[in-house]
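Shown next, in structure tokens, is the structure this report addresses.
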Amino acid sequence: MSADMLTRTVGGRHHRAVPFTAVEFRDRMWAPRQRVVRERTVPFLYGQMEKIGTIEALDVTSPPGPLAFPYKNNGTSTSVMYWDSDIGKWIESASYTLATHPDPKLSALIDDVVARIAKAQRPDGYFNSFFQRREPGKIWSNLRDWHELYCAGHLIEAAVAHARATGKDNLLGVMTRYVDHIDRIFGPGANQKRGYCGHEEIELALVKLYHLTHEKRHLDLARYFIDERGRQPHYFDIEARERGANPVDFWHKTYEYNQSHLPVREQDRVVGHAVRAMYLYSAMADLASEFEDAGLLQACRRLWADLTGKRLYVTGGLGPAAGNEGFTTDHDLPNETAYAETCAAVGLVFWAHRMALLEGDGRYADVMEQALFNGALSGLSLDGERYFYDNPLASRGNHHRWIWHRCPCCPPNIARLVASLGSYLYSTAPGELAVHLYAEGEARAQVDGVGVRLTQATTYPWDGTVGLRVGPDRPLEFALRLRIPGWCRSARIAVNGETIEVAGIVDRGYAHIKRLWRTGDQVSLALEMRPERVYAHPDVRADQGRVALKRGPIVYCLEATDNAAPVQRLTLPRSATIEARFEPDLLGGCAVLSGAALALQAPSEALYGSRRSETEPASFTAVPYHLWDHRGPGEMAVWLPET
């Protein structure tokens, strides 16, 4: 997802993300990942959609064949209903790659898909391949369950990305006509439906459309959907009765599932389906900025505190339960059964990025980085063609990435994030240029109308040394804001070789270096990056007496393939030294952690006995969590007992 046109207020200054098209990666981590998404994931996703019938389904005039995936949830929904969203995310991902690496064949393929959508669109602007082809009599009759507005949202995001990347307006034209239709159908008017989608997404998409078109009606429609959510009388009750159903028969039994249990400004607990929640909160942050809405901002702050204080995995994953793909009770963070959907971590990156730009506070960027490097990136294999839907923090060796899924929402979601990642690194404001994430490469930004070239030299996240070269087109005074991550215990900064006292210039997690910058000025940043032990709150029952390992932004895990002793028998002595070393030939090149451990020994073959298990010295090796399950099957654990 590109955030290139998002405007935020930080201490009275409006911050805008530097567009991904102005950022080039030259590192050993993200540059190869973007190449894999471009060369393998994007074509692979199209091939899979063609194989299962997603592309063919756009021909809404042909008779429908057998349903590819049967109905579920007492006959209320099928994943085929969501296929348009997968097409939208594929177009978005492909468009991001086109913006930086033009490809006539890929461009023509997108145009073919767009032509199919345009041909299928009704004269009144409506488009949904499932309902037009299979259930034309049920259009807009079940917003709670059937994802029509959700699918529209992803297609809107695709249209914005495609227009920005290629300059074409073919998909944009289709989607603006669809938005006009939606605007006529939904709203507070006498002849309108006072509804909103059960799966949030269109709200943030409409804000993006507004940033492209500057049509305020798109922004107003997004605000309507946010403001109407959870109001009484409850729209989902009304529409259920209209279609002859009893609202109490809702299969989730509570509207907490889709965050419509209360008006959004009254919500203070993160509940329900995790992906829906993250998309909702992202839109709330957008609108809090656009309308200077203090109520929305306060709600975002309360929800952020609840998520990060009671419901977030150390990996940045979120949503422990499979039953609702989301949240349960305070501090309920099981490891082996963790759901932690990839899409939810991607959504957290979206929300955290918006909050970082809105508030200018590094704690949001810390969580953005945590989710990005761990909970989200784990969903995409190094070859770009295998995926995790759920991301447990422990495995007995039976959890693996899959080629495809009946609900393949995660592959294009992580693909679009990786492809547009450049837009998450930098932002500008009057008199300021901020660096939120570190990666070797180059960015071209505008500060007060003057071009500034910023070059990073670093092997981050494997090392905390960052060299920055600043190159304004002419001498320019501005503040360079460098994020000092919350995990960093000490940092050193020098400008042109002259050391700066860091403590005196850090505000809310960012070091502010204000000076007259000239081409060739160099900044050196040294972030202490030592292996650390992480402990959970004592109310997290699954992690009592256990420890996790982290170095910089990277969370580590132990896999059976690296350890002679069975992972489930290993314990870490509290006093043991943990060493880090870079392995250039392991899993694309990564830093691993190693040290002394103890291995439990069974006193006998008996299942139970009166003698305690003894231990013997052992060693351990830990690899980055996002790289697990790339080698032989076997046990994995993030949290280990500590002795």
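Position 1 is the first residue of the sequence; numbering continues from there. For the numbers below, each heavy atom of this structure counts, side chains included, while hydrogens, waters and symmetry mates do not.
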Note to self: Name the residue from P408, P411, C409, C343 that meets the side chain to side chain contact (heavy atoms under 4.5 Å, CB included) definition with Y389.
What the structure shows: C409

Checklist line | Beyond-backbone contact of E290 with L219, side-chain heavy atoms, under 4.5 angstrom | finding: yes

Check: Is it true that the side chains of H154 and E92 contain a donor and an acceptor less than 3.5 Å apart?
Finding: no

Note to self: Quick one, E200 and F225 - any side-chain contact, counting heavy atoms below 4.5 Å?
What the structure shows: no

Note to self: Pair R177, D180 - check salt bridge (charged side-chain N to carboxylate O under 4.0 Å, His left out), show working.
What the structure shows: CA-CA 5 Å; R177 288 191 293 275; D180 290 342; over 6 Å; no

Check: Looking at G347 and Y279, what are the two nearest heavy atoms and their distance?
Finding: CA-CE2, 4.2 Å

Check: Taking C-beta and beyond as the side chain, do M368 and R363 meet within less than 4.5 Å on heavy atoms?
Finding: no

Next item on the list: Applying ring-ring contact (aromatic ring centres under 6.0 Å, His included), name anything that partners Y313, two or more places apart in sequence or on another chain.
Entry: none

Item checked: Least distance between heavy atoms, S378 atom then R401 atom -> O-NH2, 2.9 Å

Next item on the list: Look at the side chain of R33 and the backbone N and O of L380, then say whether any donor-acceptor pair between them is shorter than 3.5 Å.
Entry: yes

Next item on the list: Give, for atom OG of S95 and atom CD1 of I110, the distance between the pair rounded to the nearest 0.5 Å.
Entry: 4.0 Å

Margin query: Suppose we call two aromatic rings close when their centres sit under 6.0 Å apart. Are Y281 and W304 close by that rule?
Written below: no

Item checked: Candidate list V495, V435, V447, test side chain to side chain contact (heavy atoms under 4.5 Å, CB included), partner L480, passing option -> V435

Margin query: Between R489 and E528, does any NZ, NE, NH1 or NH2 come within less than 4.0 Å of an OD or OE carboxylate oxygen?
Written below: no

Item checked: K208 vs H218, side chain to side chain contact (heavy atoms under 4.5 Å, CB included): CA-CA, chis, key distance, verdict -> CA-CA 9 Å; K208 282 191 166 187; H218 301 325; over 6 Å; no

Next item on the list: To the nearest 0.5 angstrom, please state how far the CH2 atom of W487 sits from the CZ atom of R530.
Entry: 11.0 Å

Item checked: Polar side-chain atom of D448 near backbone of G431 as donor-acceptor pair, under 3.5 Å -> yes

Check: When you measure from the side chain of K105 to the backbone N and O of S107, does any donor-acceptor pair fall under 3.5 Å?
Finding: no

Next item on the list: Can you sort out the partners of Y460 under ring-ring contact (aromatic ring centres under 6.0 Å, His included), two or more places apart, ordered by chain and number?
Entry: Y438

Notebook entry, point to check: Is the closest side-chain heavy-atom distance between L454 and R469 below 4.5 Å?
Noted result: no

Next item on the list: Return yes if some donor-acceptor pair links the side-chain N/O of D169 with the main-chain N/O of G173 below 3.5 Å, else return no.
Entry: no

Check: Would you call R518 and D521 a salt bridge, taking side-chain N to carboxylate O under 4.0 Å as the test?
Finding: no

Next item on the list: Please determine, by modelled atom types, if E440 and T458 share a side-chain donor-acceptor pair under 3.5 angstrom.
Entry: no

Notebook entry, point to check: For the residue pair R265 and D227, what are the closest heavy atoms and their distance?
Noted result: NH1-OD1, 2.8 Å

Note to self: Between D111 and K168, does any NZ, NE, NH1 or NH2 come within less than 4.0 Å of an OD or OE carboxylate oxygen?
What the structure shows: yes

Next item on the list: May I ask you to check whether W90 and F44 place their ring centers less than 6.0 Å from one another?
Entry: no

Margin query: Applying salt bridge (charged side-chain N to carboxylate O under 4.0 Å, His left out) to E359 and R301, what does each step give before you reach the verdict?
Written below: CA-CA 10 Å; E359 299 261 60; R301 288 171 174 167; 2.7 Å; yes

Item checked: T342 side-chain N/O to F388 backbone N/O, donor-acceptor pair under 3.5 Å -> yes

Check: Can a salt bridge be assigned to the pair D306 and R302 using a cut-off of 4.0 Å between side-chain N and carboxylate O?
Finding: no

Next item on the list: Report yes if the side chains of Y196 and I226 come closer than 4.5 Å at any heavy-atom pair, otherwise no.
Entry: no

Next item on the list: Looking only at non-hydrogen atoms, find the nearest pair between G486 and D366 and report the distance.
Entry: N-OD2, 3.0 Å

Check: Is it true that E477 and K514 make a salt bridge, defined as a side-chain N closer than 4.0 Å to a carboxylate O?
Finding: no

Check: Taking atom CG of L437 and atom CG of L372, what is their separation to the nearest 0.5 Å?
Finding: 6.5 Å

Checklist line | Check: V418 main-chain N/O paired with Q34 side-chain donor or acceptor under 3.5 Å | finding: yes

Note to self: For E369, is there an ion pair with R483 - N to carboxylate O distance below 4.0 angstrom?
What the structure shows: yes

Item checked: R386 atom CZ: more than 12 heavy-atom contacts under 6.0 Å -> yes

Next item on the list: Look at the side chain of N374 and the backbone N and O of Q370, then say whether any donor-acceptor pair between them is shorter than 3.5 Å.
Entry: yes

Next item on the list: Could you pull out the closest heavy-atom pair between A434 and H15, with the gap in Å?
Entry: CB-CE1, 3.8 Å

Next item on the list: Would you kindly say whether E203 and Y224 are connected by a side-chain donor-acceptor distance under 3.5 Å?
Entry: no

Next item on the list: State, with a plain yes or no, whether a side-chain heavy atom of R492 is found less than 4.5 Å away from one of I500.
Entry: no

Check: Taking all non-hydrogen atoms of both residues, which atom of L204 and which atom of S282 are closest, and how far apart?
Finding: CD2-CB, 4.0 Å

Notebook entry, point to check: How far does OG1 of T176 sit from CD1 of I156, to the nearest 0.5 angstrom?
Noted result: 9.5 Å

Next item on the list: Supply the atom-to-atom distance L421 CG to M29 CE, rounded to the nearest 0.5 angstrom.
Entry: 9.5 Å

Check: Below 4.0 angstrom, N of the basic side chain to O of the carboxylate: do E532 and K550 qualify?
Finding: no

Check: Roughly how far, to the nearest 0.5 Å, is CG of D183 from OH of Y178?
Finding: 13.0 Å

Notebook entry, point to check: Thinking salt bridges, do K89 and E157 make one under a 4.0 Å N-O criterion?
Noted result: no

Margin query: Going by ring-ring contact (aromatic ring centres under 6.0 Å, His included), name the residues that satisfy it together with H436, two or more places apart in sequence or in a different chain.
Written below: Y510

Next item on the list: Indicate, with yes or no, if the rings of Y625 and Y556 have centres closer together than 6.0 Å.
Entry: no

Margin query: L45 vs R40, test: side chain to side chain contact (heavy atoms under 4.5 Å, CB included). Steps then yes/no.
Written below: CA-CA 9 Å; L45 294 178; R40 302 192 66 171; over 6 Å; no

Margin query: Please check: side-chain N/O of S93 versus main-chain N/O of R416, any donor-acceptor pairing under 3.5 Å?
Written below: yes

Item checked: Short side-chain to backbone donor-acceptor contact, T41 and G384, under 3.5 Å -> yes

Next item on the list: Would you indicate whether the side-chain heavy atoms of R38 and V42 approach each other to under 4.5 Å?
Entry: no

Item checked: V275 vs V346, side chain to side chain contact (heavy atoms under 4.5 Å, CB included): CA-CA, chis, key distance, verdict -> CA-CA 8 Å; V275 181; V346 170; over 6 Å; no

Notebook entry, point to check: Quick one: does E292's side chain have a donor or acceptor within less than 3.5 Å of a partner on L287's backbone?
Noted result: no

Check: With a 4.5 Å heavy-atom cut-off, do M278 and F350 have their side chains touching?
Finding: no

Note to self: Would C488 and M529 count as a side chain to side chain contact (heavy atoms under 4.5 Å, CB included) here? Give the steps.
What the structure shows: CA-CA 7 Å; C488 180; M529 188 181 281; over 6 Å; no

